[in-house]
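Here's the structure, in structure tokens; my notes come after.
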Amino acid sequence: QVQLVESGGGLVQPGGSLRLSCAASRRIFSFNTMGWYRQAPGKQRELVARITSGGSTNYADSVKGRFTISRDNAKNTVYLQMNSVKPEDTAVYYCNIVTIAADYWGPGAQVTVSS
């Protein structure tokens with residue numbers, strides 16, 4: 001069974017940077033879309049960014065120009081580089097991988113932006 005392991009969450013000051021990583025426990029089917037979602041207390045889960053097998057990306061308007069999603073197919077890993085973070089970015093971030101066979105979700109990583 002495929003499991004997603006997230007790392008890189010934690011406390012960061014406003015304006016700072018943070019990098020989230022999500023690695024699959026085993027090789028994922030090559031044709032897939034990897035993404036990051038986040039959920040703040042009292043709010044519904046929302047898409048932050050996603051990247052296709054071909055490298056095409058999409059970002060939520062709230063993070064455009066600040067966050068960058070990337071992937072390393074050899075390592076079955078997706079990253080989210082978070083720059084110029086704001087208190088509004090505080091949430092639990094979930095890794096997501098969508099294939100033609102199944103959808104996979106990470107356990108969630110807490111990101112807190114505070115001074």
Side-chain angles (χ1 to χ4, degrees):
Q1 184 177 24
V2 175
Q3 292 183 323
L4 304 185
V5 181
E6 300 179 29
S7 62
L11 177 65
V12 62
Q13 295 184 339
S17 298
L18 198 69
R19 192 190 195 195
L20 301 180
S21 298
C22 174
S25 61
R26 62 190 302 166
R27 190 177 185 278
I28 300 294
F29 183 64
S30 298
F31 296 98
N32 62 65
T33 296
M34 296 180 170
W36 291 92
Y37 288 74
R38 68 185 180 187
Q39 186 169 26
K43 297 184 178 180
Q44 61 183 356
R45 188 173 300 185
E46 65 174 349
L47 174 68
V48 177
R50 61 188 176 194
I51 183 169
T52 68
S53 298
S56 297
T57 59
N58 292 100
Y59 297 92
D61 289 340
S62 60
V63 306
K64 287 181 179 178
R66 299 188 298 117
F67 292 7
T68 302
I69 188 170
S70 61
R71 59 190 289 165
D72 186 335
N73 292 332
K75 297 181 178 180
N76 299 309
T77 301
V78 60
Y79 307 93
L80 184 67
Q81 179 66 45
M82 306 167 62
N83 296 330
S84 302
V85 296
K86 305 174 181 179
E88 306 93 271
D89 295 321
T90 296
V92 176
Y93 285 70
Y94 298 90
C95 176
N96 170 245
I97 301 179
V98 179
T99 73
I100 59 174
D103 293 354
Y104 307 97
W105 288 92
Q110 177 68 51
V111 173
T112 301
V113 182
S114 177
S115 60

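- Put simply, the side chain of T68 does not reach to within 4.5 Å of the side chain of Y79, judged on heavy atoms.
- The CG atom of N73 sits 7.0 Å away from the CG atom of N32 when rounded to the nearest 0.5 Å.
- When all heavy atoms of S17 and N83 are compared, the closest pair comes out as OG-OD1, 2.9 Å.
- For G9 against L18, the heavy-atom pair with the smallest separation is CA-CD2, 4.4 Å.
- Linking ILVMFWY side-chain heavy atoms closer than 4.5 Å, directly or via other members, places Y37 and M34 in two distinct hydrophobic clusters.
- Atom OH in Y104 sits 8.5 Å away from atom CG in L4 (nearest 0.5 Å).
- Ring orientation note: the planes of Y94 and W105 are nearly perpendicular, at an angle over 60° on the 30°/60° scale.
- I28 and L80 fall within the same hydrophobic cluster, where Ile, Leu, Val, Met, Phe, Trp and Tyr residues are linked whenever their side-chain heavy atoms come under 4.5 Å apart, directly or through other members.
- No side-chain heavy atom of S25 sits less than 4.5 Å from a side-chain heavy atom of V5.
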side-chain contact (heavy atoms from CB on, under 4.5 Å) evaluation trace for F29 with I100: CA-CA 9 Å; F29 183 64; I100 59 174; 4.0 Å; yes
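- For the pair C95/V78, a side-chain contact is recorded, criterion being any heavy-atom separation below 4.5 Å from C-beta on.
- Between the side chain of E6 and the backbone N or O of G108, at least one donor-acceptor pair lies under 3.5 Å.
- Taking a 6.0 Å sphere around CD of Q3, one finds it holds 12 or fewer heavy atoms contributed by other residues, nucleotides or ligands.
- One N or O on the side chain of Y59 and one on the backbone of I69 form a donor-acceptor pair closer than 3.5 Å.
- Contact between R38 and A91 at its shortest, heavy atoms only, is CB-CB, 3.9 Å.
- Within 6.0 Å of the CD atom in Q13, the count of heavy atoms belonging to other residues, nucleotides or ligands does not exceed 12.
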Criterion side-chain contact (heavy atoms from CB on, under 4.5 Å) on V48 and M82, from CA distance to verdict: CA-CA 11 Å; V48 177; M82 306 167 62; over 6 Å; no
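- One N or O on the side chain of R71 and one on the backbone of T52 form a donor-acceptor pair closer than 3.5 Å.
- We find that K64 and D61 are joined by a salt bridge, their nearest charged nitrogen and carboxylate oxygen being less than 4.0 Å apart.
- Linking ILVMFWY residues whenever their side-chain heavy atoms come closer than 4.5 Å, directly or via other members, places I97 and V2 in the same cluster.
- I51 and W36 end up in the same hydrophobic cluster when Ile, Leu, Val, Met, Phe, Trp and Tyr side chains are linked at under 4.5 Å.
- For the pair P14 and S115, the tightest heavy-atom approach, listed with the atom from each and the gap, is CD-N, 3.7 Å.
- The two residues T90 and Q110 have their closest heavy-atom pair at CG2-NE2, 4.0 Å.
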side-chain contact (heavy atoms from CB on, under 4.5 Å) assessment of V98 paired with R50: CA-CA 10 Å; V98 179; R50 61 188 176 194; over 6 Å; no
From CA spacing to verdict: side-chain contact (heavy atoms from CB on, under 4.5 Å), R45, N96: CA-CA 12 Å; R45 188 173 300 185; N96 170 245; over 6 Å; no
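- In the hydrophobic clustering of this structure, F67 groups with V12; members are Ile, Leu, Val, Met, Phe, Trp, Tyr whose side-chain heavy atoms approach within less than 4.5 Å, directly or through other members.
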